[in-house]
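We name chains A, B, ... by the order of the sequence lines, and we start the count at 1 in each one.
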Amino acid sequence: MAESIRRMLGRETAGGEGVVRGWLRTVRHGKGVSFLDVSDGSCMDGMQVVANPDTEGYEDVVRQLSTGCSVEARGAVVESPGKGQRFEFHATVVELVGEAGEDYPLQKKRHSFEFLRTIAHLRPRTNTIGAVLRVRNAASMAIHEFFQQEDFFYLHTPIVTASDAEGAGEMFRVTTLPIGDPPRDEKGAIDDAQDFFGRPTFLTVSGQLEAEIGALALSRVYSFGPTFRAENSNTARHLAEFWMVEPEAAFYDLNDLADLSERFLKFVFAKVLDRCEDDMAFFAKRIESEAINRMNTVIEKPFERIPYREAVSILEASGEPFEFPVGFGLDLQSEHERWLTEKHAGCPVIVTDWPKDIKAFYMYQNDDEQTVAAMDVLVGGVGEIIGGSQREHRLDVLESTIRGQGLEPDDYWWYLDLRRYGSVPHAGFGLGFERIVQFMTGMANIRDVIPFPRTPGQADF
RNA sequence: UCCCCGGUAGCUCAGCUGGUAGAGCAGGCGGCUGUUAACCGCCUUGUCGCAGGUUCGAGUCCUGCCCGGGGAGCCA
């Protein structure tokens with residue numbers, strides 16, 4: 001195998017033979033010399049391949065090269081006399097592997113992200129999307145590393161679920177019934193009993209309920225996988241298919257969970273900064289100047305914890321002309337979240353103990369009977385980045401909350417069983433993976449931080 | 001789903017209050033240069049999103065539709 005350009009550029013010293021394989025970003029011809037910017041995606045920088053009339057294939061290959069074609073060059077790594085790179089590659093042979101005609105869509109100029117989305121099969125070859133994909137990779141691995149070192153087991157929660165009551169938005173139906181002529185029962189309704197699973201099934205909107213099963217056996221688990229929402233929401237923050245990280249831990253209370261979330265963010269961000277230095281420098285320079293600073297704030301500053309009640313008082317006393325009202329029982333808007341973390345605290349903020357009426361049924365009810373043990377982690381620039389809670393582990397309280405919200409306890413029979421047999425306090429949080437990639441990279445649209453975005457009306461590639 | 005904005009050359013965009021389409025980049029040719037999204041000169045490229053309508057005349061105004069972007073709601 002050829003050495004990657006990342007490794008080649010990272011060599012201690014020049015000298016030595018090598019092979020460069022990759023795609024041509026641009027080519028500059030001089031009278032007796034040509035410079036090929038060759039990228040193989042292994043790092044931000046490409047390798048400057050230098051060819052001259054002594055290079056085999058100079059006239060019939062090198063002089064004919066164009067942006068986008070793939071090449072293989074054999075030669076030697078030498079110190080570069082030019083500015084802009086430490087090493088360059090002096091080719092003795094250059095071969096064309098795959099040509100790219102003049103209609104190659106990616107030019108050596110800036111393209112709009114909107115246009116790049118229409119050529120998602122080629123956009124990973126751009127600087128920005130390439131860097132995004134490398135950051136995604138580094139962040140994914142850091143997430144696994146973090147949980148492994150914290151003794152969390154990676155639990156594979158299901159993609160297909162029969163529960164249509166997870167309560168987190170519209171779901172995609174999964175069926176093998178013939179769509180034009182489905183079987184009917186005696187009343188003329190579609191006969192779900194004849195469907196593949198014998199009942200209606202959907203793509204999961206959350207692995208949390210199953211993660212709780214895992215936590216109440218292995219003590220600490222996390223799921224990290226695709227999640228689906230059929231909401232018709234068309235924003236820079238929503239995808240129909242996205243990746244979610246959901247740790248769940250037995251014998252954790254809300255404080256333990258807040259501690260975990262703080263360690264988690266600090267660890268993952270530090271790893272990404274360390275392993276994607278060039279990519280992050282690119283984002284800070286070309287996409288969002290605060291990208292690295294924001295991450296460093298999370299890494300360096302202790303998170304401040306503020307109960308919701310107190311947060312509301314602070315916001316009310318702030319004198320800030322907010323667009324949306326503040327008051328007990330009202331959810332915090334993005335503008336409130338950002339003011340709390342950016343102006344008030346100057347560090348990430350964890351808002352705890354929220355009014356039960358605006359939170360989900362499975363959250364632990366506090367002794368005041370008005371609030372639940374929920375938390376939102378707020379960071380500068382985006383607001384909420386993590387949401388979690390201690391779960392209600394008391395059977396009677398959970399059953400009455402389910403009924404109180406008009407839900408049917410029988411639909412949750414196994415979830416309630418977990419409270420019947422060896423129930424323990426436990427807690428967990430969820431975070432949208434693409435949201436933290438957005439936070440890290442400063443990319444404005446979530447469709448540009450996932451390789452193949454799925455949004456309403458869009459499932460190409 | 002609602003509100004706002006937009007859809008003009010392969011790409012990024014300009015085109016004022018209606019008068020019949022332009023720049024940069026890409027591409028072609030030539031020049032020059034150990035070059036750095038190289039540079040200089042010349043040249044080519046358009047069903048102006050689609051369908052109607054108003055008008056002597058529509059890229060420009062009106063209506064509908066499609067697509068995209070921003071904001072909102074919902075959320076992760």
**OP:** Determine, for nucleotides 37-47 of chain B in 5'-to-3' order, which nucleotides have protein heavy atoms under 4.0 Å from the base (write B), from only the sugar-phosphate (write S), or from neither (write -).
**Re:** BS---------

Original post:
Would A:Arg220 and A:Glu248 pass as an ion pair if we require N to O under 4.0 Å?
Top reply: no

**OP:** Among residues two or more places apart or on two chains, list those pairs meeting salt bridge (Lys or Arg N to Asp or Glu O under 4.0 Å) that have a residue in residues 30-51 of chain A.
**Re:** A:Arg28-A:Asp37

**OP:** Report yes if at least one side-chain N or O of A:Gln458 is closer than 4.0 Å to OP1 or OP2 of B:rG68; otherwise report no.
**Re:** yes

Original post:
A:His238 NE2 to B:rG73 C1': how many Å, rounded?
Top reply: 9 Å

Original post:
Which residue lies toward the 5' end of RNA chain B, A:Val33 or A:Ile386, if each is placed at its nearest nucleotide?
Top reply: A:Val33

**OP:** For nucleotides B:rC62 and B:rU55, find the distance between their P atoms and express it as a whole number of Å.
**Re:** 16 Å

Subject >> Secondary structure of RNA chain B in dot-bracket form (Watson-Crick or G-U wobble, distances below 3.5 Å, | marking inter-strand pairs) >> reply: (((((((..((((.....[..)))).(((((.......))))).....(((((..]....))))))))))))....

**OP:** Return the value, rounded to whole Å, for the distance between atom CZ of A:Arg229 and atom P of B:rU1.
**Re:** 19 Å

**OP:** Describe the nucleic acid contact of A:Phe115 in one word from base, sugar-phosphate, nothing, applying a heavy-atom distance below 4.0 Å.
**Re:** sugar-phosphate

Original post:
Any side-chain N or O of A:Gln333 less than 4.0 Å from the OP1 or OP2 oxygen of B:rA72?
Top reply: no

Original post:
Whole-Å distance between B:rC75 C1' and A:Trp354 CH2?
Top reply: 13 Å

Original post:
How close or far is atom C1' of B:rG68 from atom CG of A:Leu116, stated in whole angstroms?
Top reply: 14 Å

Subject >> Nearest-Å distance once atom P is located in both B:rG68 and B:rC61 >> reply: 23 Å

Original post:
When we call it a touch if two heavy atoms are under 4.0 Å apart, what does A:Glu384 touch: a base, just sugar-phosphate, or nothing?
Top reply: nothing

**OP:** Would you check if there is a donor-acceptor pair between the side chains of A:Glu210 and A:Thr157 at a distance under 3.5 Å?
**Re:** no

**OP:** For A:Leu106, report the nucleic acid contact type (base, sugar-phosphate, nothing); a contact means any heavy atom under 4.0 Å.
**Re:** nothing

Original post:
What is the distance from CD1 of A:Ile446 to P of B:rC74, rounded to the nearest Å?
Top reply: 17 Å

**OP:** May I ask you to check whether A:Arg309 and A:Gln370 show a side-chain donor-acceptor distance below 3.5 Å?
**Re:** yes

**OP:** For residues A:Leu203 and A:Ile159, determine if any side-chain heavy atom of one lies less than 4.5 Å from a side-chain heavy atom of the other.
**Re:** yes

Original post:
For A:Arg447 and B:rG68, is the shortest distance between a side-chain N/O and OP1 or OP2 below 4.0 Å?
Top reply: no

**OP:** Determine the interatomic distance between P on B:rC2 and the same-named atom on B:rU45; round to the nearest Å.
**Re:** 43 Å

Original post:
Given atom CG of A:Asn232 and atom C1' of B:rC2, what is their separation to the nearest angstrom?
Top reply: 11 Å

Original post:
Can you tell me how far C1' in B:rA58 sits from the matching atom in B:rC40, rounded to whole Å?
Top reply: 40 Å

Original post:
How far, in whole Å, is B:rG41 from B:rC32 if one measures between their C1' atoms?
Top reply: 11 Å

Original post:
Would you say the ring centroid of A:Tyr412 lies under 6.0 angstrom from that of A:Tyr362?
Top reply: no

Subject >> Pairwise P distance for B:rG31 and B:rG69, with rounding to whole Å >> reply: 45 Å

Original post:
Is A:Glu72 salt-bridged to A:Arg74, going by a charged N under 4.0 Å from an acidic O?
Top reply: yes

**OP:** Flag the pair A:Phe146 / A:Phe152 as yes when their ring centroid distance falls below 6.0 Å, and as no otherwise.
**Re:** no

Original post:
CD of A:Glu99 versus P of B:rG27: gap in Å, rounded?
Top reply: 15 Å

Original post:
Is there a donor-acceptor contact under 3.5 Å linking the side chains of A:Asn127 and A:Arg286?
Top reply: no

Original post:
When the nearest nucleotide of RNA chain B is assigned to A:Arg237 and to A:Pro81 on a heavy-atom basis, which residue is associated with the more 5' position?
Top reply: A:Pro81

Original post:
Which value, in whole Å, describes the distance between the C1' atoms of nucleotides B:rG10 and B:rU44?
Top reply: 13 Å

**OP:** Could you tell me how the ring of A:Phe224 sits relative to the ring of A:His144: parallel (under 30°), tilted (30 to 60°) or perpendicular (over 60°)?
**Re:** tilted

Original post:
When the distance from CG of A:Asp376 to P of B:rC74 is rounded to whole Å, what number comes out?
Top reply: 14 Å

Subject >> Aromatic A:Phe439 / basic A:Arg294 pairing, under 6.0 angstrom, 45° off normal >> reply: yes

Original post:
Between A:Arg117 and B:rG69, is there a side-chain N or O to OP1/OP2 distance below 4.0 Å?
Top reply: yes

Original post:
Is there a donor N/O on one and an acceptor N/O on the other, under 3.5 Å, for the side chain of A:Glu88 and the base of B:rG34?
Top reply: yes

**OP:** Please check the phosphate of B:rG70 (OP1 and OP2 only) for any side-chain N or O of A:Asn445 closer than 4.0 Å.
**Re:** yes

Subject >> Inter-nucleotide C1' distance (B:rG15, B:rG34), Å rounded >> reply: 42 Å

**OP:** Would you tell me whether A:Asn255 and A:Arg305 have side-chain atoms, one donor and one acceptor, within less than 3.5 Å of each other?
**Re:** yes

**OP:** Return no unless some side-chain N or O of A:Lys83 is found under 4.0 Å from OP1 or OP2 of B:rU36.
**Re:** no

Original post:
How would you label the contact of A:Gln48 with the nucleic acid (heavy atoms, under 4.0 Å): base, sugar-phosphate, or nothing?
Top reply: base

**OP:** May I ask you to say what A:Gly84 touches in the nucleic acid, namely base, sugar-phosphate or nothing, with a heavy-atom cut-off under 4.0 Å?
**Re:** nothing

